[in-house]
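Some notes on the structure that comes next.
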2 protein chains.
Amino acid sequence: MSLFQKLMIQNGRKVALESGDHAFMQGDSNSNIYFVQSGLLKAYYIRADGKEHIKSFLPEGSIIGSMVALVDGDPCTFSLVASEPTTTIALPYKILADAAQSDIGLANALVGFLGTYGKRKEQREYQLLSLSAEDRFALLVETMPDIADRVSQADLAAYIGITPQALSRIKRRLK
Amino acid sequence: MSLFQKLMIQNGRKVALESGDHAFMQGDSNSNIYFVQSGLLKAYYIRADGKEHIKSFLPEGSIIGSMVALVDGDPCTFSLVASEPTTTIALPYKILADAAQSDIGLANALVGFLGTYGKRKEQREYQLLSLSAEDRFALLVETMPDIADRVSQADLAAYIGITPQALSRIKRRLK
DNA sequence: GCGACAAATGAACCTCGGTTAATTACGGCG
DNA sequence: CGCCGTAATTAACCGAGGTTCATTTGTCGC
């Protein structure tokens with residue numbers, strides 16, 4: 001377990017979520033950072049036309065927060081919901097950032113967290129720009145096989161960026 | 001100018017690039033972080049099939065590096081090329097990260113940089129997942145009007161994620 | 001102004017994914 | 001076992017964008 005995770009567990013507040021409960025909704029003012037102890041969270045956008053797109057699945061061990069909310073205090077750009085009974089540790093980012101001003105260990109732990117976050121988003125950007133829907137599905141199955149089993153087909157499709165029907169077609173093609 | 005930019009200028013090495021020169025290529029081992037003093041850089045992927053996709057345009061004032069290369073020392077996942085005569089400041093990330101271990105001001109400056117980077121990638125992810133090609137083009141014209149003038153139609157299209165022909169069609173529709 | 005080359009546009013055809021709606025699995029549960 | 005609600009699949013049709021190639025428009029160097 002990373003130093004950063006330890007810090008969160010020591011200082012954070014425990015938040016338990018039932019399946020379907022939201023940690024925060026798109027538009028909320030919530031600059032908490034969440035550590036997932038058990039269960040599964042789903043981060044998603046609602047578009048203007050009502051469609052849902054999934055940013056990421058967050059299984060046990062993940063850390064998540066809306067970066068624009070954390071950094072600038074803006075409203076969250078996405079919603080965070082439990083898709084299984086989930087226990088999390090919540091901690092206001094400001095507390096971390098403030099404490100980091102005088103605690104060099106914490107500041108470097110934050111650097112580690114933000115670096116990892118940036119790396120993950122860089123990879124996702126690559127996937128969205130350079131891979132077809134079929135490739136993205138194959139990659140998901142390969143890299144997160146457990147997730148593919150734990151969520152519905154509709155959610156998988158929303159993560160890949162297509163409709164459930166299109167995903168069904170892809171699965172048929174691959175067989 | 002941010003503290004982070006000042007630090008880079010003080011400690012970095014000046015690198016001048018002619019139009020078409022590369023700072024690094026996809027696959028290179030290059031964990032420098034670059035600050036763009038003047039000109040314009042273009043960060044892009046080459047896909048397996050030879051197609052080019054543009055990650056981002058980096059005008060004066062931008063800071064860029066391959067996050068996976070910076071954090072893990074892995075090969076760069078994209079190439080960085082000058083699309084105008086450009087002057088940059090290059091600084092190995094490891095020097096920053098190491099110095100941050102004992103310099104709390106620097107560590108917090110790094111936190112600021114990484115937070116901003118993550119925020120930018122979060123927004124890009126949203127655009128790629130939730131907007132149509134036409135919407136992404138309109139947004140680009142609105143938020144970076146200068147860039148739209150400085151680069152070729154082909155590069156604009158590669159940034160949006162479509163072909164130059166499709167971009168031409170979109171422009172016609174908008175008129 | 002003219003030739004040459006690159007950039008941009010246009011047209012014809014194709015493919016993939018979206019849309020809508022019907023059909024088929026797959027659980028609980030009385 | 002049969003019923004019902006949900007998830008998943010299939011089918012038919014449409015539209016946006018890709019592909020290929022031709023044409024037009026710039027934009028230089030002379």
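- Among the candidates A/Thr86, A/Thr88, A/Thr87, the single residue satisfying the side chain to side chain donor-acceptor pair (under 3.5 Å) test with A/Ser38 is A/Thr87.
- With distances taken from any side-chain atom of A/Ser168 to the nucleotides C/dG18, D/dT9, D/dG17, the minimum falls on D/dT9.
- At a cut-off of 3.5 angstrom, counting only N and O atoms as typed in the model, there is no donor on one side facing an acceptor on the other between the side-chain of A/Gln153 and the base of D/dT9.
- A/Ile170 has its CD1 atom 15 Å from the C1' atom of D/dA8, to the nearest Å.
- As rounded to whole Å, 16 Å separates atom C1' of D/dA16 from atom CD1 of A/Ile162.
- Using cut-offs of 30° and 60° on the angle between ring planes, the pair A/Phe24 and A/Tyr34 is tilted.
- Here the C1' atom of nucleotide D/dA16 and the CZ atom of B/Arg136 are 12 Å apart, to the nearest Å.
- We find that CG of A/Leu167 is positioned 12 Å from C1' of D/dA7, with the value rounded to whole Å.
- Following chains of ILVMFWY side-chain contacts shorter than 4.5 Å, one can reach A/Ile170 starting from A/Ile54, so the two form part of one hydrophobic cluster.
- The phosphate of D/dA7 has neither OP1 nor OP2 within less than 4.0 Å of any side-chain N or O from A/Lys171.
- Going from atom CZ of B/Arg172 over to atom P of D/dT24 covers 15 Å, rounded to whole Å.
- In this structure, the CG atom of B/Leu129 is 15 Å from the P atom of C/dG17, given to the nearest Å.
- Residue-to-nucleotide proximity on DNA chain C shows that, of A/Ala166 and B/Val151, the 5′-proximal contact is made by B/Val151.
- Here the nucleotide nearest the side chain of B/Arg169, chosen from C/dA21, C/dG18, D/dT19, is D/dT19.
- How far OH of A/Tyr126 is from CD of B/Gln26: 7.0 Å, rounded to the nearest 0.5 Å.
- When the side-chain nitrogen and oxygen atoms of A/Thr163 are compared with OP1 and OP2 of C/dG18, one or more of them lie within a distance under 4.0 Å.
- One interatomic measurement links the two molecules: CG of B/Asp135 to P of D/dA16, which rounds to 13 Å at whole-angstrom precision.
- In this pair, B/Phe57 and B/Tyr159 present their aromatic rings tilted. The plane angle is within the 30 to 60° band.
- When the P atom of C/dA8 is taken as reference, atom CG of B/Leu156 falls 8 Å away, rounded to whole Å.
- When distances are taken from the side chain of A/Gln165 to each of C/dA21, C/dG17, D/dG17, the shortest belongs to C/dA21.
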